Amino acid sequence: MAYKNLLLHIDNTKACAKRIEAALALATRCGAHLSALYCMGEFQLPGWADMPQHLTREYLSREEERAREVVEDFEEKAKRAGVSYETRTARVPVNAIADEVGMHARYADLAILGQVDPDDTPEGTRDLVEDVTLGCGRPVLVVPYIGAAKENGNVVLGRKVMVAWDAGREATRAVNDALPMLQKAEKVDLLAVNPVKSQRRHGENPGADIALHLARHGVKVEVQHLEVHDIEAGDTILSRLADEGSDLLVMGAYGHSRLRELVLGGATRSVLEHMTVPVIMSH
């Protein structure tokens, strides 16, 4: 398995440039085709249809100009990087942006999204990462709004990888979906936080079975067990990332809908809010 078809969500946020950098670095490393999608969100408010036409035309014109600027910026960078690429622009209601991105993601090996910046969030995208990750059926690479790590001015992504392992379905899916990155990594740390030995889950030696599976795929993996009961699992994972100097995290995304409200697991939400390195998530 290899990543050969990547989808990148682009927008007019300040962090988009760093997301493009990470996506181009990944596309270059994998020899993958990169599709960039820009969604123009349309408001559907009461009275919108009754507004003077010149006002609605002005609004749509501004949105089209923003889209054109972002798309042209991506195209320029993609040409300079020498990757195979295409661009797509979609006009959708603001409350349907996640559905649009999720639909395009289903026809890619991996979707690349940006962490929500609370100070720079376009209308309709506050829950984009959660909605797409839990609904698209594909793995998602979330890039922090501070960007990926760099060395000598170049993005470093997937050299030192940490896997958050709890032997559950979502974590298993994430490990499989991230296998192309794990196989290319110089080092992979598999972290089990407060693992409980049981025949039906972790086994007598937590992490040993999945480590053996990965080793058979040529992955250089080291297993770590942490017993930490005074801080949350998500904070523990983030702390270990810093300690190990990891540049990529792989983890399952836990969540479900409750009365039409998206409810994420505690560790998933904590990592998404405070992430310092890109994260590959699967649900």
Side-chain angles (χ1 to χ4, degrees), residues 2-36 69-87 108-117 119-120 129 139-164 177-191 214 218-222 224 237-251 271-272 274-281:
Y3 297 150
K4 290 300 178 184
N5 190 26
L6 307 175
L7 176 76
L8 168 66
H9 174 245
I10 56 177
D11 54 29
N12 64 346
T13 61
K14 297 187 293 293
C16 185
K18 299 181 184 299
R19 196 182 321 144
I20 292 174
E21 276 187 324
L24 290 174
L26 181 59
T28 299
R29 186 178 187 186
C30 298
H33 179 81
L34 182 59
S35 302
E69 290 175 355
V70 175
V71 168
E72 289 177 353
D73 178 64
F74 167 79
E75 289 178 334
E76 180 182 337
K77 292 173 178 176
K79 289 175 183 176
R80 197 158 58 237
V83 305
S84 171
Y85 75 92
E86 66 181 276
T87 59
D109 297 316
L110 179 76
I112 304 170
L113 310 178
Q115 177 196 22
V116 172
D117 182 348
D119 298 322
D120 188 17
V129 172
V140 171
L141 173 67
V142 187
V143 180
Y145 56 78
I146 61 172
K150 285 188 175 183
E151 186 176 284
N152 299 323
N154 298 315
V155 169
V156 178
L157 182 61
R159 183 183 300 173
K160 296 181 180 180
V161 184
M162 179 167 290
V163 176
D177 289 338
L179 196 55
M181 298 296 289
L182 300 179
Q183 290 173 320
K184 291 177 181 290
E186 295 176 4
K187 181 185 179 186
V188 176
D189 291 306
L190 190 139
L191 176 67
L214 290 173
V219 179
K220 308 174 188 69
V221 59
E222 296 181 8
Q224 300 181 19
I237 294 168
L238 292 168
S239 176
R240 291 302 296 170
L241 284 170
D243 292 343
E244 294 293 339
S246 305
D247 57 60
L248 178 68
L249 172 65
V250 175
M251 68 181 295
V271 169
L272 284 176
H274 306 292
M275 60 193 296
T276 54
V277 301
V279 181
I280 291 180
M281 288 187 163

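Just so you know, these numbers come straight off a predicted model, no measurement behind them. Residue numbers count from 1 along this sequence.
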Spatial distance of atom [atom1] ([X]) from atom [atom2] ([Y]) [nearest 0.5 Å]:
| X | Y | atom1 | atom2 | value |
| --- | --- | --- | --- | --- |
| L141 | M281 | CG | CE | 10.5 Å |
| L157 | E21 | CG | CD | 12.0 Å |
| K187 | M162 | NZ | CE | 7.5 Å |
| K184 | L248 | NZ | CG | 13.5 Å |
| L24 | Y85 | CG | OH | 10.5 Å |
| L190 | L182 | CG | CG | 9.0 Å |

Less than 4.0 angstrom from a charged side-chain N to a carboxylate O is my criterion; do D11 and R19 meet it? yes
Is there side-chain contact between [X] and [Y], with at least one heavy-atom pair below 4.5 Å?
| X | Y | result |
| --- | --- | --- |
| N5 | S35 | yes |
| D119 | Y145 | no |
| Y3 | M181 | yes |
| D243 | R240 | yes |
| V250 | V188 | no |

Quick one: which of V142, I146, V143 gives a side chain to side chain contact (heavy atoms under 4.5 Å, CB included) with M275? V142
For the pair E75 and K79, evaluate salt bridge (charged side-chain N to carboxylate O under 4.0 Å, His left out) and give the outcome as yes or no after the intermediate values. CA-CA 6 Å; E75 289 178 334; K79 289 175 183 176; 5.3 Å; no
Please report the closest heavy-atom contact between [X] and [Y], naming both atoms and the distance.
| X | Y | value |
| --- | --- | --- |
| A164 | M251 | CB-CB, 3.9 Å |
| I112 | L34 | CD1-CD1, 4.5 Å |
| P180 | A2 | CG-CA, 4.0 Å |
| Q115 | P144 | OE1-CA, 3.4 Å |
| A148 | P278 | CB-CG, 3.8 Å |
| S246 | V277 | O-CG1, 3.4 Å |

Passes side-chain contact (heavy atoms from CB on, under 4.5 Å), E244 versus K160? Steps please. CA-CA 8 Å; E244 294 293 339; K160 296 181 180 180; over 6 Å; no
Can you check side-chain contact (heavy atoms from CB on, under 4.5 Å) on V161 and I280, steps first, answer last? CA-CA 10 Å; V161 184; I280 291 180; over 6 Å; no
Yes or no on side-chain contact (heavy atoms from CB on, under 4.5 Å) for D73 and I10, after CA distance, side-chain angles and deciding distance? CA-CA 10 Å; D73 178 64; I10 56 177; over 6 Å; no
Given side-chain contact (heavy atoms from CB on, under 4.5 Å), test V219 with L179 step by step and report yes or no. CA-CA 8 Å; V219 179; L179 196 55; 4.1 Å; yes
Taking everything shown except K77 itself, do over 12 heavy atoms lie less than 6.0 Å from its NZ? yes
Short question: side chain of D120, backbone of K14 - any donor-acceptor pair under 3.5 Å? yes
